[in-house]
Amino acid sequence: MTDCAEIFSEGLHDLFREEELAFSYDLKYTVHAPSTDMNLSSLREPIRLAAISLVEQMAGICNELDSDILVVHPGYFSYPVDMMHAQRAFERSIVDLENISRDTGVRMCIENMPKWDCFLLRNPDIDLGDNGFTLDVGHANTWGNLNNFLEMGDSISHFRLHDNNGEIDDHFFIGGGNMDFPSFSSLLNKSKAIKIIGNKCEEDVLKSLEALKRMGTK
């Protein structure tokens, strides 16, 4: 098993400001693109294109880190009446992400979103083209549709694993909420996708690692 970590490019870990520290560790990296000032579904085309430009720059950083996965959020909208327009903008971004992946060799993995009405990709009903898909199981649990996402099976390129009680995106350790991880452990065990633990502190990460070990998940 390869030692792997995901860098969420925000705050102290913002790769636009500091990437040298990553070379201090012998790890395989995946990278999570920033969410600040990023909206791949923006109704304002210059803003959407600026977000695409940032993703392209981040893919270049991924190449420097020898990371072949870049996780991106699908974007958001402010008012229900704008959802259709945001969806159309996102469809243009899907094509742009495919082009970035083709040019850089970095797989774009679009992540499902938690229980906030402003987000897209809340259900597994959007065609992501040739892009990858990141299944955040905790996000899906807040919508109560995790099983629908799990039916995607081998189409899942990347897992983000944490727990909650189905209401808030708490990022509890595995076993700390109401999610039935053993019920889909066989999928985790056979999947070749990278699994990332998304907890808030080292103690919870260790609890999650122990839970995965009991299920035979690597």
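Computed from a predicted model, the values in this text were never measured in an experiment.
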Is it the case that the side chain of [X] and the backbone of [Y] share a donor-acceptor pair, with hydrogens and angles ignored and the cut-off at 3.5 Å?
X      : Y      : result
Asn165 : Glu167 : no
Ser208 : Asp204 : yes
Asn131 : Leu128 : yes
Asp82  : His85  : no
Glu98  : Asp130 : yes
Asp163 : Gly175 : yes

[X] and [Y]: same hydrophobic cluster, using ILVMFWY side-chain contacts below 4.5 Å?
X      : Y      : answer
Val205 : Phe159 : yes
Phe173 : Phe181 : no
Tyr25  : Ile61  : yes
Met179 : Leu161 : yes
Leu135 : Leu212 : yes

With side chains defined as the heavy atoms from C-beta onward, is the minimum distance between [X] and [Y] less than 4.5 Å?
X      : Y      : result
Val31  : Phe8   : no
Lys28  : Asp3   : no
Met83  : Gln87  : no
Leu15  : Ile7   : yes
His139 : Arg160 : no
Thr30  : Val71  : no
Pro34  : Met58  : yes
Phe16  : Leu54  : yes

(message) In terms of relative ring orientation, are His162 and His171 parallel, tilted or perpendicular, with 30° and 60° separating the classes?
(response) parallel
(message) Tell me every residue that passes ring-ring contact (aromatic ring centres under 6.0 Å, His included) with Phe133, counting only those two or more places apart in sequence or in another chain.
(response) Phe149
To the nearest 0.5 Å, what is the distance between [atom1] ([X]) and [atom2] ([Y])?
X      : Y      : atom1 : atom2 : answer
Leu150 : Ile156 : CG    : CD1   : 5.5 Å
Thr134 : Met108 : OG1   : CE    : 11.0 Å
Arg107 : Cys62  : CZ    : SG    : 13.5 Å
Ile174 : Leu209 : CD1   : CG    : 8.0 Å
Ser93  : Asn39  : OG    : CG    : 8.0 Å
His158 : Leu70  : NE2   : CG    : 10.0 Å

Of all heavy-atom pairs between [X] and [Y], which one has the smallest distance, and what is that distance?
X      : Y      : answer
Gly138 : Asn164 : O-ND2, 2.9 Å
Pro124 : Met152 : CB-SD, 3.9 Å
Ala140 : Asn112 : N-ND2, 3.5 Å
Ser101 : Val106 : OG-O, 2.8 Å
Gly11  : Arg17  : O-NH2, 2.7 Å
Gly75  : Ser41  : CA-OG, 3.7 Å

(request) Answer with yes or no whether the side chains of Asn141 and Asp169 bring together a donor and an acceptor at under 3.5 Å. (result) no
(message) Please tell me whether Thr36 and Glu10 have a donor and an acceptor in their side chains that are separated by less than 3.5 angstrom.
(response) yes
(message) By the side-chain hydrogen bond (donor to acceptor under 3.5 Å, both in side chains) test, which pairs, at least two apart or in different chains, include something from residues 65-81?
(response) His32-His73, His73-Glu111
Exceeds 12 heavy-atom contacts within 6.0 angstrom, atom [atom1] of [X]:
X      : atom1 : value
Asp180 : CG    : yes
Leu49  : CG    : yes
Asp154 : CG    : no

(message) Just to verify, which of Ile47, Ile94, Leu97 counts as forming a side chain to side chain contact (heavy atoms under 4.5 Å, CB included) with Leu40?
(response) Leu97
(request) Apply salt bridge (Lys or Arg N to Asp or Glu O under 4.0 Å) to Arg48 and list each qualifying residue two or more places apart in sequence or on a separate chain. (result) Glu45, Asp96
(message) Restricting to salt bridge (Lys or Arg N to Asp or Glu O under 4.0 Å), what partner residues turn up for Arg102, sequence neighbours left out?
(response) none
List, one per line, each side-chain donor-acceptor pair under 3.5 Å for residues 114-122, sequence neighbours excluded.
from: Arg122; atom 1: NE; to: Phe119; atom 2: O; distance (Å): 3.1
from: Arg122; atom 1: NH1; to: Asp117; atom 2: O; distance (Å): 2.9

Which atom pairs, one a donor and one an acceptor, fall under 3.5 Å between side chains of residues 187-196 and the rest of the protein, sequence neighbours left out?
from: Asn189; atom 1: OD1; to: Thr217; atom 2: N; distance (Å): 3.3
from: Asn189; atom 1: OD1; to: Thr217; atom 2: OG1; distance (Å): 2.6
from: Asn189; atom 1: ND2; to: Ser185; atom 2: O; distance (Å): 3.2
from: Asn189; atom 1: ND2; to: Met215; atom 2: O; distance (Å): 3.1
from: Ser191; atom 1: OG; to: Ala193; atom 2: N; distance (Å): 3.1
from: Lys195; atom 1: NZ; to: Leu188; atom 2: O; distance (Å): 2.9
from: Lys195; atom 1: NZ; to: Ser191; atom 2: O; distance (Å): 2.7
from: Lys195; atom 1: NZ; to: Ala193; atom 2: O; distance (Å): 3.3

(message) For Asn123 and Asn148: C-alpha separation, side-chain torsions, deciding distance, then whether side chain to side chain donor-acceptor pair (under 3.5 Å) applies.
(response) CA-CA 8 Å; Asn123 296 289; Asn148 294 335; 5.6 Å; no
